[in-house]
2 protein chains.
Amino acid sequence: MKISGTSLGLTTTDCIVTLDPSYTLLEFDSLRELPAETESLMPESTPVLRQASGGLCSICADRATGKHYGASSCDGCKGFFRRSVRKNHAYTCRFSRQCVVDKDKRNQCRYCRLRKCFRAGMRKEAVQNERDRISCRRDGQGVGTLSISVLLQAEASTHQYLSSTPLMNCDITAKKIASVGDVFESMKQQLLLLVEWAKRIPEFCELPVDDRVALLRAHSAEHLILGVARRSLPYNNIILLGNDFIIPVSGPEPEVSKVAARILEELVRPLRELDITDSEFACLKTIIFFAPDCPGLERSQTVRRLRFQAQVLLDEATFEQRGRFGELLLLLPPLQSVAWQLVEQLQLMRLLGQASVDSLLQEMLLGENVARGAALQPGSNSEVLMFNQHAGPALSRDLLGEHVALPCNFTSVILPVPSSLPGVPLLPTQTGTDLYTHGQEENMPTEIANNLPVPAVHTCL
Amino acid sequence: MKISGTSLGLTTTDCIVTLDPSYTLLEFDSLRELPAETESLMPESTPVLRQASGGLCSICADRATGKHYGASSCDGCKGFFRRSVRKNHAYTCRFSRQCVVDKDKRNQCRYCRLRKCFRAGMRKEAVQNERDRISCRRDGQGVGTLSISVLLQAEASTHQYLSSTPLMNCDITAKKIASVGDVFESMKQQLLLLVEWAKRIPEFCELPVDDRVALLRAHSAEHLILGVARRSLPYNNIILLGNDFIIPVSGPEPEVSKVAARILEELVRPLRELDITDSEFACLKTIIFFAPDCPGLERSQTVRRLRFQAQVLLDEATFEQRGRFGELLLLLPPLQSVAWQLVEQLQLMRLLGQASVDSLLQEMLLGENVARGAALQPGSNSEVLMFNQHAGPALSRDLLGEHVALPCNFTSVILPVPSSLPGVPLLPTQTGTDLYTHGQEENMPTEIANNLPVPAVHTCL
DNA sequence: CCCTAGGGGTCAAAGGTCTC
DNA sequence: GGAGACCTTTGACCCCTAGG
């Protein structure tokens, strides 16, 4: 140490020369701090709070607040030294570098004050790097424009119907087992809520209408499954539908129970172990929703960015627990898998004539672009058989170069964000009402109704 | 008394201590792993893992004073973590949450420092409350034994055949377009390599044989796709098979090209944009491999832990780039989707009699538990039609309570870890040789051959 | 009985804040 | 923009205890 001593007063003789910015040439090594030891002799008996240390500042003889940077000093000299070193200030003495530095005159010559700081034993090495700020600027995190609060609000808005009926039948044993019709009914409700949910996300509303439709269709089955899994978290061996019906694992319908069992085992169980939070759920849903590989997407890059933002939000919401982010993302493959099985069951039931599939379900879940009430599009039978969310009609057409443009004449009817109340046909307060089949046109805003027939999803937007 | 400082500060903290709801909700005990220890178990050979040596703080690389709260760390990071958890601080990064945290800069961003504490394995549950010592709960089990170096070696061992032929035909234009037979041929090779790869992972070898078979079957199609995607990274609009044939997007076989197009678009492109590294690839493959939801798994929890270790390894390998970990994991759903389509194509081709599917392919890709040369198992036709990796025969039987025990009399022939050279029927040096069909029994180790007929996968183990 | 690892606490001296 | 009174954070250092 004492390297400064070696470079001792060599060049510092002319009075006008500015201090070397890096302070390496300073000769002030003749440290003679007098009162440094006094304080150590003093017992702690002095109850004076702050500048209790009985010493004096070895630079200006003000009351010292302790040792700073190597010298007993006051707060003023401490701050002065730190600022000088941090900003690498180069001061000049206007006189002959012999200025008096005391409590009253210490601000009259910075050059001489700094020189005295060094002489008193302050070392510039003791000044640290700038640190993080302490103050609290509560600004939301997030990379882009997506924010957790918006996502949480969107999520909350789609639950308002349920929560409005306070604690609606919390007793599971009192709930009725869902028939196939009840399941379809619930699915329709949830799909409509999904549309509502999406419309609460401004970034979604700014996409072209075709992209909006494509996104809504792309992973709707996964959203259904994810939603039902989450709703069922508090219960054991039971799936709770949105319309308050239940599906027991060992229910009457083997096809239904099969899917239910997988939901419970592969989704509910891990979700429960993770004890997923609302924020996490909101992010996960958004990640699933903004699917950049969704076929026919015009703004694929935008969607990719949105998904990126969502996954970074999730990462940030989970960083306290190592591995949690990954575990949450790793729920997506099984979710997709279960969703697939659900769609397959649907297809099968429709093929076997066991159920009439509503047009909304047909369009969103089965991926078919049907006009309401119109017949099935011809020529897609084999594709239905080997249905696959991605290889459905849309993508197949795409890959075969048979791209069929989605109807674009409905742009005018798109309501970017629901202004006040959701303008959607509402959820029934009592379950069991088929709110869509045959009864929907009347409930729709007239400007949409005028354009009938249109694919169902378009009418919801 | 010296309480002065604290008593003064009592009222001034509120603006900093913002309530972060997620902060208090984390209790998540089940997945507590300490992969931080993995590196202590492995030689220093891995160049990938920083935080390597045991004497360094895994947060800031200062000298560590021991393990604190679950991570080897210095006193500074220890104190920082305790204070942060105790006071429930919610920090904000002023930049983009990518701050470097090292000895010099660790105080520049508390958000990033705390985040790194968590990522390094610190757990807030380990911070005890004032003077009140709870159980000193030794972390006991759970030590992550998986290491990147082992995974990299396993990966390298399955490439040795290819790299032994130096730069084998780097000119793509000189390569031949694959016929359907060539594709099958390549798939078989790659599946055998997958078995070899798995056998290089000690943790895999310690699993019961039925679990090993189940894992090998579960996501084999995804491994094929992932491998081919990676192999094709350097090329444009072309899929490069393992046996050096190529599949152009606009090839003669529309069914094949369809899958190829998706591979290129949904996998090759993002992988190329990410510029995936060897370590990342190795982790990703392992994550896919250890699929805890795989039907019929006995040691499901063990597999889940292994996957957890793998995903934490990947997280650590990618932490420098924000969002990278998530983007990599988000490749898995499309990978699964493409794999599904591949399997569907296979099913279809077999149904239409366009190709004879080898028994290995049948077992591993189509999920059927067939004895070599035996006829198709009856009664699964409808299930084949709606094939689904999870809902395939095995799971269906399971769910229907028709669990068919896998043959367990082959335990004795299992070779835990390949001692020297892989003891598998080797890859042909020249392509086009069908090494499996009708010609395999002669190539197998005799003790396996004596037990014929057995499912193909068992014989490989 | 002692030793050690990893909990807990302390407080000098860094840092930052904010009004003149 | 600087000065400096005032408050927070950091981390080296030490104590304590259970498990070996």
Side-chain angles (χ1 to χ4, degrees), chain A residues 39-40 44 49-53 55 57 59-60 62-87 89 91 103-104 106-108 110 113-114 122-137, chain B residues 1-17 54 57 59-60 62-87 89 91 94 103 106-110 113-114 122-123 125-140:
Chain A
E39 49 182 332
S40 66
E44 301 292 355
L49 289 190
R50 218 98 260 302
Q51 312 116 338
S53 31
C57 173
I59 292 98
C60 69
D62 195 358
R63 267 193 319 171
T65 62
K67 284 185 76 168
H68 301 291
Y69 310 114
S72 169
S73 59
C74 65
D75 268 339
C77 291
K78 167 196 170 189
F80 169 76
F81 187 76
R82 177 177 54 209
R83 280 190 297 271
S84 300
V85 171
R86 283 260 180 83
K87 306 189 130 173
H89 275 317
Y91 304 125
K103 181 174 175 3
D104 294 328
R106 63 190 176 197
N107 280 322
Q108 287 180 4
R110 288 170 172 157
R113 188 183 191 184
L114 183 59
M122 285 192 174
R123 292 167 299 109
K124 66 181 174 64
E125 298 79 25
V127 176
Q128 303 175 352
N129 283 328
E130 210 168 344
R131 285 188 186 173
D132 197 6
R133 294 228 273 267
I134 292 178
S135 64
C136 61
R137 298 161 310 103
Chain B
M1 308 274 289
K2 296 278 92 180
I3 321 289
S4 52
T6 51
S7 65
L8 283 179
L10 276 184
T11 55
T12 58
T13 53
D14 42 331
C15 81
I16 301 166
V17 188
C57 171
I59 292 99
C60 70
D62 196 357
R63 206 174 52 87
T65 62
K67 287 188 71 171
H68 301 290
Y69 311 115
S72 167
S73 61
C74 64
D75 270 339
C77 290
K78 168 197 171 187
F80 171 75
F81 187 77
R82 181 178 52 213
R83 284 190 300 270
S84 300
V85 170
R86 285 260 178 81
K87 306 179 96 172
H89 275 323
Y91 304 124
R94 291 178 291 156
K103 182 174 171 14
R106 65 187 175 200
N107 280 318
Q108 287 180 6
C109 179
R110 281 125 95 229
R113 188 185 193 182
L114 182 60
M122 285 191 173
R123 291 166 295 112
E125 300 80 31
V127 175
Q128 302 166 357
N129 236 355
E130 335 259 321
R131 272 306 178 197
D132 139 89
R133 308 205 97 216
I134 333 170
S135 61
C136 190
R137 245 169 138 274
R138 223 92 222 91
D139 47 68

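Heavy atoms only: backbone and side chains are in, while hydrogens, waters and symmetry mates are out. Letters A, B, ... are given to chains in the order of the sequence lines, protein chains preceding strands, and every chain is numbered from 1.
What separates CZ of B/F81 from P of D/dT10 is a distance of 14 Å, to the nearest Å. Per the geometry, OH belonging to B/Y91 stands 14 Å off C1' belonging to C/dG15, to the nearest Å. Atom-to-atom, CZ of A/R131 to P of D/dG11 comes out at 6 Å; the value is rounded to the nearest Å. Rounded to whole angstrom, the span from the NE2 atom of A/H68 across to the C1' atom of C/dG15 amounts to 12 Å. What separates CD of A/Q128 from P of C/dA13 is a distance of 13 Å, to the nearest Å. With rounding to whole Å, B/D62 atom CG is found 13 Å from D/dT10 atom C1'. Distance CZ (B/R113) to C1' (D/dT10): 8 Å, rounded to an integer number of Å. Straight-line distance from the CD atom of A/E130 to the C1' atom of D/dT10: 16 Å, rounded to whole Å.
Taking only side-chain atoms of B/D75, from C-beta outward, the nucleotide of C/dT17, C/dA14, D/dA12 with the closest atom is D/dA12. When each of C/dG8, C/dG7, D/dT9 is scored by its nearest atom to the side-chain atoms of B/H89, the top-ranked nucleotide is D/dT9. In this structure, the nucleotide among C/dG15, C/dG7, C/dG9 sitting nearest to the side chain of B/R82 is C/dG9. In this structure, the nucleotide among D/dA3, C/dT17, C/dA14 sitting nearest to the side chain of A/I134 is C/dT17. Between C/dG8, D/dC6, D/dA5, one nucleotide has an atom nearer to the side chain of A/K78 than all others, and that is D/dC6. Closest approach to the B/R83 side chain among D/dA12, D/dT9, C/dG16 is made by D/dT9 (side chain taken as heavy atoms from C-beta onward). For B/V127, whose side chain is taken as the heavy atoms from C-beta onward, the closest listed nucleotide among D/dG11, D/dT9, C/dG8 is C/dG8.
Base pairing of C/dC3: its partner is D/dG19, meeting the Watson-Crick or G-U wobble criterion (both donor-acceptor distances under 3.5 Å).
Residue A/R106 places no side-chain N or O under 4.0 Å from the OP1 or OP2 atom of D/dA3. Phosphate proximity of C/dG16 to B/N107: absent, as no side-chain N or O sits under 4.0 Å from OP1 or OP2. Contact annotation: A/Y69 reaches the phosphate of C/dG15 (side-chain N/O to OP1 or OP2, under 4.0 Å). Side-chain N/O atoms of A/R86 include one lying less than 4.0 angstrom from OP1 or OP2 on C/dG16.
With hydrogens and angles ignored, no donor-acceptor pair under 3.5 angstrom links the side chain of B/K67 to the base of C/dG7. For a distance-only test at 3.5 Å, the side chain of A/K87 fails to qualify as a donor-acceptor partner of the base of D/dG1.
Within 4.0 Å of B/G76, counting heavy atoms only, lie sugar-phosphate atoms of the nucleic acid but no base atom. Residue-level contact check: B/R63 touches neither bases nor backbone, having no heavy atom under 4.0 Å from any strand. At a threshold of 4.0 angstrom between heavy atoms, the contacts of B/K103 with the nucleic acid are absent.
Between A/Q128 and A/R131, the shortest heavy-atom distance links the atoms OE1-NH2, 3.0 Å. Heavy atoms only, all atoms of each residue included: A/C60 and A/R106 are closest at SG-NH1, 3.2 Å. Of all non-hydrogen atoms in A/D132 and B/R110, the two that sit nearest each other are OD2-N, 2.9 Å.
Side chains of B/L114 and B/H89 form no contact here, defined as non-hydrogen atoms less than 4.5 Å apart. Contact of the B/Q108 side chain with the A/N129 side chain is registered, since non-hydrogen atoms from C-beta on lie closer than 4.5 Å.
B/R63 CZ: 12 or fewer foreign heavy atoms inside a 6.0 Å radius.
Using bins of under 30°, 30° to 60° and over 60° for the plane-to-plane angle, the ring pair B/F81/B/Y69 lands in the tilted bin.
Paired with B/H68 under the rule side-chain contact (heavy atoms from CB on, under 4.5 Å), one option of B/S73, B/C57, B/C74 passes, and it is B/S73.
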Which atom pairs link the protein and nucleotides 18-20 of chain C when you take only N or O atoms and keep those under 3.5 Å?
none

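Listed by chain and residue number, A/R113 satisfy the side chain to side chain donor-acceptor pair (under 3.5 Å) test with A/N107 (two or more places apart in sequence, or in another chain).
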